[in-house]
Number of protein chains: 2
Amino acid sequence: MALEHALLVALSERPAAGLELAHRFDRSIGFFWSATHQQIYKVLRRMETDGWVTAETVLQTGRPEKREYTVTDVGHQALADWISTTTPRAGFRSEIAVKMRAASYGDRGALLANIAELIADHRVRQGHYEAMAARDYPDPDQLTGQPLDTYLVLRGGILQETFWIAWLTEYLEAHA
Amino acid sequence: MALEHALLVALSERPAAGLELAHRFDRSIGFFWSATHQQIYKVLRRMETDGWVTAETVLQTGRPEKREYTVTDVGHQALADWISTTTPRAGFRSEIAVKMRAASYGDRGALLANIAELIADHRVRQGHYEAMAARDYPDPDQLTGQPLDTYLVLRGGILQETFWIAWLTEYLEAHA
DNA sequence: GGCACGTGTGCAACTAGTTGCATAGGGGTC
DNA sequence: GACCCCTATGCAACTAGTTGCACACGTGCC
């Protein structure tokens, strides 16, 4: 269960309120661990009762007030403890893989069209990640510590998209 | 929601009981859509009430009786309909990615050890898939229809493992 | 003035999946 | 005989996450 730990990482970088975290998730961390704002609110409340974070109500001008969360020492310790636990290999779950295998029981043309769309989608996303990498990390060899880690996770996104494009293209071409 | 459709594919290939499906999932389809036997039993019951499958109690000698499921016409139609729906891009969720990004807040050594284990694990799995491919599909260029699809899904597994090995190795080497 | 949209938090109901356990017989082994 | 593992099905309780909606206020547009 990693959402609370992903939130601890985000909040360690900078304290924030629920909706702001949801937006940050949409833009960076969430590429690798997505969450809706409802889920984020729910988990933040639990983290608060567990003493991992403290909340402070912040009044804003021309906007509703927000609850800004800050990581406590307990929270930092929980994050450090979690990092030391071993994570097993992630299961690979792919709906499109099930459809590929099922294709002879239905409309293969529809599936091939779906796959063509997915390839376009993955190409866009890969381009997006590569643009981010080029903009934010023009000289990756010089990186250390946290920026290096963030860069390497972004690299994972790029490699992941490369995998999808390769596989889906292989399927399309085998059925061309 | 693809488990019921994965089960329809498995049952279309050959009727089976719940536990047998769980074992088959462990060996092939489940590499791409895993499920515990409890979840499989639950879903099979729902599929039965929805009229997608019919169940027949089979008496065995020296073993408990089993409920063997067979796909109905309604079930085949449900599968065909599902294949024609479009699946969106799958979200990439990786606990190890969260840890990579969090590494500077905890024990990096422990994480690097975890990653080294994962690389070994992925190599074993990749070798397993490649052995399956070599044994069952010695001449992939000649394949058509369903065997081709099964082969291409297996190829997806191999490519996926290649991605993991490449990414995790890149992380390890950047922190060597 | 009305409407859409954005900020901000949150509830309620649901779905999917996990974890732990129960039951009940058969076979092997020490 | 006690113990463990395998086949086979399943319940109960829980966790994680999704979907849809509500409310309250502010800003901009036409």
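Naming: A, B, ... by sequence-line order, numbering from 1 per chain.
- In the region residues 90-102 of chain B, proximity to DNA chain D at under 4.0 angstrom, judged on heavy atoms, holds for B/R93.
- Within the structure, salt bridge (charged side-chain N to carboxylate O under 4.0 Å, His left out) contacts touching residues 94-105 of chain A (residues at least two apart or in different chains) are A/R101-B/E13.
- A/E117 pairs by the salt bridge (charged side-chain N to carboxylate O under 4.0 Å, His left out) definition with nothing, not counting sequence neighbours.
- Other residues sharing a hydrophobic cluster with A/V124 under the 4.5 Å side-chain heavy-atom criterion for ILVMFWY residues do not exist; the residue is a singleton.
- Listed by first then second residue, pairs satisfying side-chain hydrogen bond (donor to acceptor under 3.5 Å, both in side chains) with a partner in residues 14-24 of chain B number zero, not counting sequence neighbours.
- In this view, B/D139 and B/D141, B/Q142 satisfy the side-chain contact (heavy atoms from CB on, under 4.5 Å) rule, not counting sequence neighbours.
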Enumerate all atom pairs, one protein N or O and one N or O from nucleotides 24-26 of chain C, separated by less than 3.5 Å.
none

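- Listed by chain and residue number, nothing satisfies the salt bridge (charged side-chain N to carboxylate O under 4.0 Å, His left out) test with A/E65 (two or more places apart in sequence, or in another chain).
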Acceptor/donor pairs from residues 148-156 of chain A side chains to any protein atom, 3.5 angstrom cut, sequence neighbours excluded:
from, atom 1, to, atom 2, distance (Å)
A/D149, OD1, B/R108, NH1, 3.0
A/D149, OD1, B/Y171, OH, 2.9
A/D149, OD1, B/H175, NE2, 2.8
A/D149, OD2, B/R108, NH1, 3.2
A/D149, OD2, B/R108, NH2, 2.9
A/T150, OG1, A/Q146, O, 3.0
A/R155, NE, B/E170, OE2, 2.6
A/R155, NH2, B/E170, OE1, 3.0

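- The salt bridge (charged side-chain N to carboxylate O under 4.0 Å, His left out) pairs that include a residue from residues 120-137 of chain B are A/R89-B/D121, where partners are two or more places apart or lie in different chains.
- Other residues sharing the hydrophobic cluster of A/L19, ordered by chain and number and joined by side-chain separations under 4.5 Å: A/Y41.
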For nucleotides 11-15 of chain C, print each protein N/O atom paired with a nucleotide N/O atom at under 3.5 Å, atom names and distance only.
none

